[in-house]
Amino acid sequence: MVKSMYLTPEEEAMYDGEEGSVVKKSMEILVALGDIYGAKRMVNISSAQISGVSYKTIGDAGLEYLEEFAATGVKVKVPSTLNPAGIDLDQWQEMAFPEDFAQKQQRIIDAYQQMGISTTCTCTPYLVGNVPTVGSHIAWSESSAVCYANSVLGARTNREGGPGALAAAICGKTAEYGYHLDEDRRANYLIELETSLNGSDYGALGYFVGKIVGSGVPYFRLQSIPTVNDLKSLGAALASSGAVALFHVEKTTPEYKDAFNDLDKNDIETITVDRQTINKNKDILSTTANKPDLICLGCPHASLEEIKSITELLNGHKLNIPLWVCTSISVKAAADRMGYTRIIENAGGKVVCDTCMVVAPIEDLGFQVIGVDSAKAANYIPSMCGLDVVYGDLEKLIKRK
Ligand code: F3S
């Protein structure tokens, strides 16, 4: 294989197989990606976040690939966490997930753990200790987490595929191209809001803008001040209807002041968004007027603050349909201690760990219509699960039951 990028002696040694066949194969993947995208060199990464975890998405071929890697004894070189799996690893039996699926899912988790990867299984690793600093290079693969890390935390990552992120974790390196470089972090769309936003409005905005800008970099001039949870929803929606990996919000995100540096004004397209556009996109995200038979919240995985808000909304309410609040095992532990889990369970709901409404096989559990407050989930559930969705804030979803 002829490579054109520069490698340090340490990287050359990995490439030549001096650290074993898996490290060699991983370095070959990174070099191939670097050559395709015109990278001149590698950069050290401070963390990895690896997708390709749910058995629903990677199947037997993925399971075998990971077990082969793990059997060699290879270990990752940087702190690494996993994306959501297909089941709640502790509660799968009571939630009626198929046993065969659960067993294979557990083998995938075991293979990753053997390689030294933390089995946190979450798309919000930045809420549970995998928090990069401003300007640090990382290799993350979950699209919503990539968007959050680049935009809100000011870290630098491309949207890695699962194998690319695993290869980067194994080598502790990634090829320097795309969002690792200053010039690719400039905005090329100015999004002017003519209305203030609240709750599920942010997801609708992200869904609308993502469809227009594709893999561009939008700069938002908002009329309202977003919370970090609003930014999480906005980024997830942008990354699902489009392929956005970075956005800027005026006076809010760390790189907004540099967003238009060295750019010709003619290269920036302005898009105006009014209340009618937000409401229209909220309507588009619902695929049915029917009532949901399951409400799923926590996409991306819920923060403790979001879980607290859910308990306040439930406020002694008894639900007559199931409710899942998806989060990480660490946030659930905190929710357990704060009494939030008990409030949700008393209302008839469940705090679900390690998985979500998209990567779990919910289509096999007998549900038809899923109520969600996430534009990303609303966008993916029809295609990934073959089910209908109703999009809206929890208050509306509860009233609709
Ligand atoms: Fe996370 Fe699943 Fe949504 S991976 S971003 S909760 S689709």
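We count ligands from 1, going down the list as the structure has it; atoms in each ligand are counted the same way.
Between Glu68 and Lys25 there is no salt bridge, since no side-chain N of the basic residue sits under 4.0 Å from a carboxylate O of the acidic one. No salt bridge links Asp373 with Lys396; every basic N to acidic carboxylate O contact stays at or beyond 4.0 Å. Taking a cutoff of 4.0 Å between a charged side-chain nitrogen and a carboxylate oxygen, Glu142 and Lys376 qualify as a salt bridge.
Residue Gln276 places its CD atom among 12 or fewer non-hydrogen atoms of other residues, nucleotides or ligands, all under 6.0 Å distant. For Ile225, the CD1 atom sits in a loose shell: 12 or fewer heavy atoms of surrounding residues, nucleotides or ligands are nearer than 6.0 Å.
Between the side chains of Tyr126 and Ser47, no donor-acceptor pair is found at a separation under 3.5 Å.
Taking distances strictly below 2.8 Å, the protein N/O/S atoms close to atom 1 (Fe) of ligand 1 are Cys123 SG.
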